[in-house]
Every structure is written in structure tokens, then in C-alpha cells.
2 protein chains.
Amino acid sequence: MARPQLIDRDAVLAASLEQADTGGLESVTMAAVARRLGVTPMALYRHVEDKDDLLDGVVERLLTEVPGPDPAASWEDQLAAIGDSLRAIARRHPSVFPLLLQLPATTPASRAARDQVYGALRSAGVPEETVPRLERVISTMVLGFAASEASGRFRQHSRRVLDGDYAELATSVRATIERHVAT
Amino acid sequence: MARPQLIDRDAVLAASLEQADTGGLESVTMAAVARRLGVTPMALYRHVEDKDDLLDGVVERLLTEVPGPDPAASWEDQLAAIGDSLRAIARRHPSVFPLLLQLPATTPASRAARDQVYGALRSAGVPEETVPRLERVISTMVLGFAASEASGRFRQHSRRVLDGDYAELATSVRATIERHVAT
DNA sequence: ACCTGAACACCGTTCAAGT
DNA sequence: ACCTGAACACCGTTCAAGT
């Protein structure tokens, strides 16, 4: 005899992310997530393998918040859009965001974001054999900065100062790319 | 009546770091650290405030592994020495290293490392008012890369590929600095 | 002064039982 | 098929007691 399904994996991950945003990463317990869903902790195990799987799912969810590409935009604007959105995501989800740097870049959402950067680099004129390397280097710069900002490494600096830092970083990213474009 | 002192804070932090290097961050429990020291878990509380303080101490310890400055070296070589040593530290302590990006940059060891970069930027000819910004930007690049490498974001890539990525990043760092040096 | 034993609240996870 | 109750091993932390 089937029961009405109260929750699914997506609801579990959404509740976990809300909990992390509200109370920090260490407040994300099976009990707290379950309470948010009006269910017992044991009910979660039908939808996630264990707590590690739950956390992986939450981190993956972060990348789905990156908007799709705008093919009409210049490569500079495409990259700026991705960078800005990553920075905004980090600010919305400061306790989860740093985990992005610790996860293998092989999940579907992470591939999607990466392919978007590949596209921008190609239309900038970067030779095909250099595209993957440049993607790794510049995504490390942007992810590292957004994670630093979100996790409080720069907590003593004002938003204005950090915006200036980010502008400097963006200039370095563009210069790195242009160094590989034959003129 | 005094007892012989079996452990001190430094021994606790050293044992914690060993435990993290051997079994990963989640294996660092008060019980595991205490066992390594031949003591009960409760004994640790005389030397660290709580587990957060213990972890902070371990992360801080990481930065003390950065060697001091060599005043005879060029600014390029000075920065390369710091970058190389950070990368080596990340490889020695992969599970703890990523926490560096999440800690406020205000601890003594972190100030020491920062001042060393300040010195190199000054001798490169970077104007004084630009020195702090450039330090934040380039340390973010290097820390972000070392953390990515250590934590397995790039685990599918060989050491040779990652060395190439690092060389590209180092070139970007030098270019970023030179952009701010009047010629 | 420093460490231990006992105790507590909390955590992730399992398994059989209920609908 | 999906959720719950009971149970377990483990975790961080406290406090009074021992030397």
C-alpha cells in the first residue's frame, strides 16, 4: 500500500541549503533538515545516501544558480556575467560556497559552467589546446576570490574595497586571456 | 601538589595536524587526538578552548611552515619562493589547507606571510597605496590554486599538467604586478 | 596544576515495523 | 513505497574528584 510522498531529493537539498544559509554549515544536521520538512530524520535516507551525499548535492545546486550563456554578448561580457553571478552566489550562500573549491569539477552543473567558459575563451580567439588550461586558471582566480569574500577572509574590508579588488582581478583575467590571443 | 605536565598546546596542535594528514579532517576528533598523545580526551581542554580553537590553531600552524624572506633575492624570486612553499604545504596537508581561505587574515603567522609579500611588492616598485590591494589579489590567486590542487578539484589531472597551470598562474601574477609599476 | 571518571546532550545511521 | 520508533556507536563538553 503506497503512502503519499511527503518529500523528494530536491526538497531535501533545498531545505539543507536554507538551513546552511540561516544557521551556518555546522547547523546542517539530519534532524534540523528533517524538522524543516516536517518529517523525521530517518525519512531523509530514502532520498540521500548519507550526509556526505546530501552536502555534495547542496554544493552542486549552487552551480545551477549560474545563468545560461547569452550568445549575443561579447566574450568579455559573457565572462563578466559568470564572474558576477558566482560572486552573488557566494554572497547568498557564504557557508556552502567554499566547498566548491574542494569538489571535483566533474558534476553536470560544474561541466555546464565550465563549457560556458570554454565558449567565451574560444570566441576570444584562444587556441583550442590552451582553452582547458586557461579555464582552470581563471576559474580558480574567480572561485578563490568569491570564496575568500564569502567566508570572511576579507571581513575587515568594506564592500567598496572588495569591489575594487574584484575589478583588479577581472583585469588580470582579461590580460591572461589576451596574452594567448594572436593579434 | 603539581603533576608532571604530559602535554602542551603545541603538542596538541601537532598531534591534530598529524591526525588530519593521516586520516582526513573528519577523523580529527578529541578522542583521536588524545589517543595519539596517550591521554584522555578531557585533558585537551586545559590546552585548547574547544574544538574550533583547536582547528584554528592547526590552520595557523600551517602558515608557520612558510620560510622567512631572503633579502638578497629579487622580488620575483621572493614571490616564487612563497608561492612554491604554499603549494608544498598544501600538498603536505591537503585536508587542512583549504581552511586557510576561510580564516580571517589577522593572525600573527598570517600577518608575517602578508608582510613578506608587501616587501616583495615594494621592491618591485608598486606604489604604496596599491600594495595592500595587490597582496590580497595575488595571495587569493595562489591560495585558491593550492587549495584546489590539494583538495582534489583537479584530481583528474597529472602533476605535469598542474605544474603547467601553476606556471601560467605565476605569469599572471607577475603581469598583474608589472601593470602597476611605472617604467 | 594537570589529568581522569562519570555523565549529558547531541549526532549519524541501521533495521524492523507500520501504513 | 515511504515514513516512523527504537536502538546503537560516537561525538563534544561539563564538572567534581583524584594526585
Side-chain angles (χ1 to χ4, degrees), chain A residues 1-61 93 95-96 98-99 102-103 151-152, chain B residues 1-61 93 95-96 98-99 102-103 151-152:
Chain A
M1 191 54 155
R3 272 200 179 191
Q5 176 157 327
L6 297 179
I7 57 176
D8 58 12
R9 182 176 170 94
D10 207 61
V12 172
L13 299 182
S16 302
L17 184 53
E18 265 180 62
Q19 180 64 36
D21 294 341
T22 305
L25 237 204
E26 89 286 353
S27 83
V28 181
T29 66
M30 301 306 262
V33 173
R35 189 170 341 111
R36 230 165 235 279
L37 295 165
V39 109
T40 66
M42 300 80 81
L44 304 180
Y45 286 90
R46 186 149 304 266
H47 307 283
V48 296
E49 269 192 38
D50 53 22
K51 200 185 169 181
D52 276 353
D53 179 43
L54 179 149
L55 250 22
D56 284 354
V58 172
V59 175
E60 171 83 357
R61 238 181 119 81
H93 311 294
S95 70
V96 177
L99 298 182
Q102 310 191 38
L103 217 69
S151 68
Chain B
M1 191 56 156
R3 271 201 181 193
Q5 176 157 326
L6 297 178
I7 58 175
D8 58 12
R9 183 176 170 92
D10 207 61
V12 172
L13 299 183
S16 303
L17 184 53
E18 265 181 62
Q19 180 64 36
D21 294 341
T22 304
L25 237 204
E26 89 286 351
S27 84
V28 181
T29 66
M30 302 305 262
V33 173
R35 189 170 341 112
R36 230 165 237 278
L37 295 165
V39 112
T40 66
M42 299 79 81
L44 304 179
Y45 286 89
R46 187 150 302 265
H47 307 283
V48 296
E49 271 194 38
D50 52 21
K51 200 185 170 180
D52 276 355
D53 179 43
L54 178 149
L55 250 22
D56 283 355
V58 171
V59 175
E60 171 83 358
R61 239 181 118 82
H93 311 295
S95 69
V96 177
L99 297 181
Q102 312 192 37
L103 217 71
S151 67

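Bear in mind the structure is a predicted one, so any value in this text is a computation, not a measurement. In what follows, chains carry the letters A, B, and so on, assigned in the order in which the sequence lines appear, proteins first and then strands, with residues in each chain numbered from 1.
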query: What is the minimum heavy-atom distance between A:V28 and A:S16, and which atoms define it?
result: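 Minimum heavy-atom contact is CG2-O, 3.9 Å.
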
Side-chain heavy atoms of [X] within contact of [Y], under 4.5 Å:
{"X": "A:T22", "Y": "A:R36", "result": "yes"}
{"X": "A:V58", "Y": "A:L99", "result": "no"}
{"X": "A:Q102", "Y": "A:V59", "result": "no"}

Roughly how far apart are [X] [atom1] and [Y] [atom2], rounded to 0.5 Å?
{"X": "A:H47", "Y": "A:L6", "atom1": "NE2", "atom2": "CG", "answer": "8.0 Å"}
{"X": "A:L13", "Y": "A:L17", "atom1": "CG", "atom2": "CG", "answer": "9.0 Å"}
{"X": "B:T40", "Y": "B:M30", "atom1": "OG1", "atom2": "CE", "answer": "10.5 Å"}

- prompt: Which nucleotide, in any strand shown, forms a Watson-Crick or G-U wobble pair with D:dG12, with both distances under 3.5 Å?
  reply: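 By the stated definition (distances under 3.5 Å), C:dC8 pairs with D:dG12.
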
query: Does any nucleotide pair with D:dT19 by Watson-Crick or G-U wobble geometry, both distances under 3.5 Å, and what is it?
result: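 C:dA1 - that is the nucleotide pairing with D:dT19, both distances being under 3.5 Å.
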
field: DNA chain D contacts among residues 17-46 of chain A, heavy-atom distance under 4.0 Å
entry: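 The answer is A:V39, A:T40, A:M42, A:A43, A:R46.
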
message: With the threshold set at under 4.0 Å for non-hydrogen atoms, list the residues of residues 7-15 of chain A touching DNA chain D in residue-number order.
response: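 Residues of residues 7-15 of chain A that come under 4.0 Å of DNA chain D are, in numerical order, A:I7.
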
- prompt: Stepwise, does the side-chain contact (heavy atoms from CB on, under 4.5 Å) test hold for B:L44 with B:I7?
  reply: CA-CA 8 Å; B:L44 304 179; B:I7 58 175; 4.2 Å; yes

Take the protein atom [atom1] of [X] and the nucleotide atom [atom2] of [N], then report the distance between them rounded to whole Å.
{"X": "A:D53", "N": "C:dT13", "atom1": "CG", "atom2": "P", "value": "10 Å"}
{"X": "B:D50", "N": "D:dT14", "atom1": "CG", "atom2": "C1'", "value": "13 Å"}
{"X": "B:K51", "N": "C:dC11", "atom1": "NZ", "atom2": "P", "value": "14 Å"}
{"X": "B:L54", "N": "D:dC11", "atom1": "CG", "atom2": "C1'", "value": "14 Å"}

task: Look at B:H47 and C:dC3 and indicate whether a side-chain polar atom (N or O) is within less than 4.0 Å of OP1 or OP2.
output: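 Affirmative; the distance criterion is met.
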
